[in-house]
Peer 1: 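Take a look at the following structure, please.
All figures in this text were calculated on a predicted structure; none of them were measured in a lab. Numbers restart at 1 for each chain; the letters A, B, ... are given by sequence-line order, proteins then strands.
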Amino acid sequence: MPELPEVETARRLIADEALHRRIADVDDSDTFVCRPHAPGELRAALTGRTLTAARRRGKTMWCETSEGGPDLGIHLGMGGRIVVTSADGQVAEGGGPRRRDAQPRKPEWDRFTLGFADGGSLVLFDKRRLGRVRLDPGIDALGPDAAEVTPAEFGRLITRGSVAVKARLLDQSRIAGVGNLLADEILWQARVHPGARTGTLRPADADRLYRALESALASAMTRGGVHTGDVIAARHPGGTCPRCGAEMRHGTVGGRSTWWCSREQAPPDR
DNA sequence: AACAATGTTCAGTC
DNA sequence: GGACTGAACATTGT
């Protein structure tokens with residue numbers, strides 16, 4: 001699930017609940033999640049320190065650490081969540097869909113753990129194991145955060161080149177934070193065909209896409225996740241457009257499963 | 001059992 | 001070198 005809104009929720013959770021608590025132990029034994037670090041490397045670097053700030057760019061988070069320690073980078077991957085337990089055992093989650101009943105949490109799905117001296121912990125919980133933890137993650141390769149990109153920058157980024165517009169929205173080096181569901185929602189809101197080539201977009205298209213980006217992000221934050229998007233519920237065989245009722249189409253664009261309205265998001269003429 | 005899944009990365013081609 | 005494509009990655013759910 002994690003796209004920008006979920007990652008921001010997880011970041012806030014860390015900022016609110018996990019800072020300034022002394023790290024007493026670190027479980028970094030999952031060598032895939034912690035690659036390229038060897039087991040024990042993160043423990044050695046973090047034990048005794050505290051997290052002092054939680055930051056985010058796109059879907060990448062990192063925590064600054066005390067005494068000039070390294071940054072702790074965390075990526076939620078395809079389905080990771082952050083679970084913070086307080087000193088008195090209260091559990092708080094961030095990064096997954098907001099829901100009343102907590103999902104089952106098998107201990108073996110805890111992929112990385114900071115144990116605090118107060119008895120609580122911060123856990124990267126991730127069934128699919130595609131999440132990632134690393135020291136000093138470089139964020140230079142990421143484009144501007146999707147929540148902060150200016151209309152002018154966005155217009156440039158979304159019209160340059162000739163790739164399918166959805167592939168461009170998903171390109172983290174251009175705009176950081178948009179994932180597969182958010183991309184479908186943005187394109188649907190803006191009534192742009194996902195396969196339209198970036199070079200064929202007119203300024204009016206770029207404007208609608210920018211406004212759709214803003215509103216899709218705001219709505220996902222308010223409602224509690226990108227899965228709450230208006231068109232997301234129609235993303236299944238037989239689904240119909242929530243606006244006009246026309247059949248939804250399905251295909252692969254930019255290597256990802258893609259759904260669009262057969263009437264309102266007509267293929268570009270060529 | 002085969003296939004798809006909300007993400008990233010790397011090898012390969014143009 | 002840049003732009004672009006497709007497969008691989010680990011695991012679960014359908």
Peer 1: Specify the separation, in whole Å, of atom CZ of Arg57(A) and atom P of dG7(B).
Peer 2: 18 Å
Peer 1: Can you tell me if the side-chain N/O atoms of His75(A) get under 4.0 Å from OP1 or OP2 in dT8(B)?
Peer 2: yes
Peer 1: Can you tell me the distance, in whole Å, between the CZ atom of Arg128(A) and the C1' atom of dA4(B)?
Peer 2: 9 Å
Peer 1: Step through the shown structure and confirm whether more than 12 heavy atoms of other residues, nucleotides or ligands are within 6.0 Å of CZ on Arg35(A).
Peer 2: yes
Peer 1: Please report, rounded to the nearest Å, how far the C1' atom of dC4(C) is from the NZ atom of Lys166(A).
Peer 2: 17 Å
Peer 1: How would you label the contact of Gly255(A) with the nucleic acid (heavy atoms, under 4.0 Å): base, sugar-phosphate, or nothing?
Peer 2: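 It contacts nothing in the nucleic acid.
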Peer 1: Mind checking Arg35(A) for me? I need base, sugar-phosphate or nothing, with any heavy atom below 4.0 Å counting as a touch.
Peer 2: nothing
Peer 1: Say you pick atom P in dT12(C) and the same atom in dT9(B); how far apart are they, in whole Å?
Peer 2: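 Pairwise P distance, dT12(C) against dT9(B), rounds to 22 Å.
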Peer 1: Please report the distance, rounded to the nearest Å, between CG in Leu124(A) and P in dA10(C).
Peer 2: 16 Å
Peer 1: Does any nucleotide pair with dA10(C) by Watson-Crick or G-U wobble geometry, both distances under 3.5 Å, and what is it?
Peer 2: none
Peer 1: Applying a 4.0 Å non-hydrogen cut-off, can you work out what Arg160(A) is touching in the nucleic acid: base, sugar-phosphate, or nothing?
Peer 2: nothing
Peer 1: Tell me if a side-chain donor or acceptor on Arg174(A) pairs with a main-chain N or O of Leu170(A) at a distance below 3.5 Å.
Peer 2: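 No, Arg174(A) side chain to Leu170(A) backbone: no donor-acceptor pair under 3.5 Å.
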